[in-house]
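Chain identifiers are assigned alphabetically (A, B, ...) following the order of the sequence lines, protein sequences preceding nucleic acid strands; residue numbering begins at 1 within each chain.
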Amino acid sequence: MAINSSLAPRVPPAILSPLMSGFRLFDLNPEQERAVRTTEGPLLILAGAGTGKTRVITARVAFLIAQGVDPAQILAVTFTNKAAKEMRERLAKLVAPEQAKPVTMSTFHALCVRVLRQDIDKLGYKRNFSIYDEGDTTGLIKKIITRTAAKDEKLEANVAKSLISKAKGNGWSEVTPGDEQSLAAAVFAKYQQELKTMNAVDFDDLLLLTYKLLTEHAAVREKWQRKFRYLMVDEFQDTNRLQLELVTNLADARQNVAVVGDDDQSIYGWRGAEVSNILEFEAHFPNPTVVKLEQNYRSTNAILGTANALIKNNPRRRPKQLWSAHEGGAKVRVIGMTDDRQEADFITSEIAQRAVTEGAKHEDFAVLFRMNAQSRLVETHLRELHIPYRVVGGSSFFDAREIKDLLAYASVLLNADDDVSLLRIINTPARGIGPSVVERATELSVHKRCSVFAALQDGEFRSGLSKRAAEAIAAFTGFLDAWETKLNTPLSKQAEVLRAFIGETGYLADLKRSCKTQDEGLKRENKVVEMIRWFEDDEEAKGKSLRDFLDDMMLREEKEEDEESKGSGVTLITLHAAKGLEFPHVYLIGLEEGLLPHDRSKMEGTVDEERRLLYVGITRARQTLALTWCGHRIKYGSPMPGTASSFIKELPAEWVEHKNATQMLNAPVAAETVKGKFGALRALLENTPS
DNA sequence: CCTTGTCCGATTTTT
DNA sequence: TCGGACAAGG
Ligand SMILES: Nc1ncnc2c1ncn2[C@@H]1O[C@H](COP(=O)(O)OP(=O)(O)OP(=O)(O)O)[C@@H](O)[C@H]1O
């Protein structure tokens, strides 16, 4: 109250308007409020977990709008799709929909796509460029390696991929500066040249080319500087060099750049993230207002104490004093399991039980893990208990053959030079353009530095083929041309065109035929049909073009949930993707040596980052937290012995209790608890109208 | 040219 | 456990 009245004179009237009903400055503590009110000039918010950094960003957006700033001039960038979505949802609670919508809240990559779709032609690409995902790029690199490597030379596609990615992230034009001879260097050069002929970009190009565009073309830079007057970046500790450069270039002389972050939550070092971006913020944006937040509003002291004790083990960190006004709360449980089956069984049945005894909702629970693969067992057990759940991220959906094929078909229609997509579907279903023809066309395309599609059109090439092959090619290229025209006819419903096109290809019949069981065939067919419908919805509701839709798919844009499915069910999510989120009850599974910390990180000497990862996981919990580890875990189909993570030893006895699942299950339930449970059950039954 | 079968090798994290 | 790479037969 006191805060509110003392500041009242400075609050513009707009803030009090009904539109802003959800936005009240007095929901912020004085430091947070200072950050929100600092709208001009560079602003650095460096603060620990759960101190309200994201809240400050969203409140600041709302405040700017209340001050009369055009929402379209506000840019808020996050690192993951999930975080972007979370922020949009939080903003939706503070401002009216028509004001929230024009605000740009996206990931760096999505923002870059938007910039490039408008002006990439200035860099010699065409505006209908394709975006290649991880699988597409590794596939392409693999092909280039086989084509380039001499007999005695070997290079793993994955290794080349990460070298190239690292080079691009640093803005180098060689794999290692100065190296133009090695196989990797040759592969890099060819890769980049071929991408350009195919009119395609990879994820790193999105950042790199946008950077080029902004630095080399003043008009473009100024256009985007005019567009975005207020920049905000969440999780700034995870930005890489190129991303920092992008921010620098988007900011004009006014330097209205607000960044928030926490060096203890830096978990993307493996992707080139540089903590120095935030720790040396002053070097890039002179004289910033610096705000430090120390009160944690999220977690109980047991959880916060556990997290603090753990992170103290990291050397070279800036010490922080995080405190919470919340009570101690239940102790953090560390539970030993015999194997991963028991782990999944234990946590899922406990969730089912707590839903009854504690009246907790399913969406209050989250299961966090190191690897996507770990979610599968938990999913199976949740299904058995009929507990609703949702898996965040994980690529299984996009890994499905039929989804890749569908996206490739669509991609070829929009950009015929997209070789990776063309070669994927050129003979699926079989249409008489087999490997040997494709091989020759590819050779010619490499030789002439043109796309495969262009090579196929080549008169000389065609005359060198068998009559059958030549006819097959003529038929197929003509077919694509015709559908491309239909798709690009103004006012056409693209989803309908796509559906008809896929129908004409005979793809679905081929897909079903190639499946072992009828059930599998129907499932796969259904996925394709569903995806087209998904696009149809997007086209009708949001006016998205097929291109927009494909971009969303490639960037793994989070699907907006409709009201019923919104946030319902237990959340299954990796530790990385969980950053920035919070849940009342968290289960953090698989705390075994070799998994967390991961074996790889030990070899690479990045155990500190693994510790931060666990720190991030622990600090997602609001009320209760359980950490589990297994004596055995199924790996490659057979059980492998495992031991508790070395991090467990670093947790403070004061806030942690150690348990064993088998003993817990066998132990007689205390009479007190039984009474409590039956009481809760009875209450539940009595309150349920029948 | 296309289909079918067998064997082997892979698994961090995200855009 | 599962999917991709390769080899052999229609
Ligand atoms: N001044 C405040 N009063 C009450 N609750 C607050 C306040 N500030 C933040 N919170 C609450 O604390 C929780 C954490 O906030 P937020 O997610 O913004 O933190 P954060 O700093 O972004 O966390 P992290 O870095 O761990 O992702 C949220 O539930 C938020 O609503």
K.L.:
Please tabulate, for side-chain N and O atoms in residues 103-110 of chain A, each donor-acceptor pair with protein atoms closer than 3.5 Å (sequence neighbours left out).
P.N.:
unit_1    : atom_1 : unit_2    : atom_2 : d
Thr104(A) : OG1    : Arg114(A) : NH1    : 3.2
Thr107(A) : OG1    : Ala110(A) : N      : 3.1

K.L.:
Test Asp264(A) against every option in Arg611(A), Arg317(A), Arg612(A) by the salt bridge (Lys or Arg N to Asp or Glu O under 4.0 Å) rule and name the one that passes.
P.N.:
Arg317(A)
K.L.:
Side chains of Arg147(A) and Thr442(A): do they bring a donor and an acceptor to under 3.5 Å?
P.N.:
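Looking only at side-chain atoms, Thr442(A) and Arg147(A) do not form any donor-acceptor pair under 3.5 Å.
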K.L.:
Base, sugar-phosphate or nothing for Glu604(A)? Non-hydrogen atoms, less than 4.0 Å.
P.N.:
base
K.L.:
Pick base, sugar-phosphate or nothing for Tyr268(A), based on heavy-atom distances below 4.0 Å to the nucleic acid.
P.N.:
sugar-phosphate
K.L.:
How would you give the extent of chain A contacts on DNA chain C, as first and last nucleotide 5' to 3' within a 4.0 Å heavy-atom cut-off?
P.N.:
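Footprint of chain A along DNA chain C, 5' to 3': dT1(C) to dA5(C).
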K.L.:
Under a 4.0 Å N-O cut-off, is there an ion pair linking Arg271(A) with Asp238(A)?
P.N.:
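No, no charged N to carboxylate O under 4.0 Å.
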K.L.:
With a non-hydrogen cut-off below 4.0 angstrom, is Glu609(A) in contact with a base, only sugar-phosphate, or nothing?
P.N.:
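The answer is nothing, as Glu609(A) stays clear of every strand by at least 4.0 Å.
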K.L.:
Any N or O donor-acceptor pair under 3.5 Å from the base of dT14(B) to the side chain of Arg271(A)?
P.N.:
yes
K.L.:
Does Arg383(A) make a cation-pi contact with Tyr389(A), if we ask for NZ or CZ under 6.0 Å from the ring centre and within 45° of the axis?
P.N.:
no
K.L.:
Could you go through nucleotides 1-3 of chain B and list every protein N or O atom that sits under 3.5 Å from one of its N or O atoms, giving the distance for each pair?
P.N.:
unit_1 : atom_1 : unit_2    : atom_2 : d
dC1(B) : OP1    : Ser436(A) : OG     : 3.2
dC1(B) : OP2    : Ser436(A) : OG     : 3.1
dC2(B) : OP1    : Gly432(A) : N      : 3.0
dC2(B) : OP2    : Asn427(A) : ND2    : 3.0

K.L.:
I'd like to know if Asp136(A) pairs up with Arg424(A) as an ion pair, taking the criterion as any Lys NZ or Arg NE/NH1/NH2 lying under 4.0 Å from an Asp or Glu carboxylate oxygen.
P.N.:
no
K.L.:
Measure the distance from CG on Leu555(A) to C1' on dT15(B) and round it to the nearest whole Å.
P.N.:
7 Å
K.L.:
Tell me yes or no: between the side chains of Asn199(A) and Ser130(A), is some donor less than 3.5 Å from an acceptor?
P.N.:
no
K.L.:
Could you walk me through whether Val452(A) and Met198(A) satisfy the side-chain contact (heavy atoms from CB on, under 4.5 Å) test, starting with their C-alpha distance in whole Å, then the side-chain angles of each, then the deciding distance to 0.1 Å, before giving a yes or no?
P.N.:
CA-CA 8 Å; Val452(A) 170; Met198(A) 297 176 192; over 6 Å; no
K.L.:
Phe79(A) or Thr606(A): which one's nearest nucleotide on DNA chain B is closer to the 5' end?
P.N.:
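Closest to the 5' end, via its nearest nucleotide, is Thr606(A).
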K.L.:
What nucleic acid atoms does Asp133(A) come within less than 4.0 Å of, heavy atoms only: base, sugar-phosphate, or nothing?
P.N.:
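No contact.
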K.L.:
Please indicate yes or no: is the ring centre of Trp270(A) less than 5.5 Å from the centre of the six-membered base ring of dT13(B), with the two planes inclined by under 30 degrees?
P.N.:
yes
K.L.:
Measure CD/Glu134(A) against C1'/dA10(B) and give the value in whole Å, please.
P.N.:
16 Å
K.L.:
Is the distance between the ring centroids of Phe583(A) and Phe365(A) under 6.0 Å?
P.N.:
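No, the ring of Phe365(A) stays outside the 6.0 Å limit from the ring of Phe583(A), centre to centre.
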K.L.:
Using whole Å, what does the distance between atom P of nucleotide dT13(B) and atom CZ of Phe369(A) come to?
P.N.:
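Result: 10 Å.
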K.L.:
Looking at dA10(B), I'd like to know if its phosphate oxygens (OP1 or OP2) sit under 4.0 Å from a side-chain N or O belonging to Asn158(A).
P.N.:
no
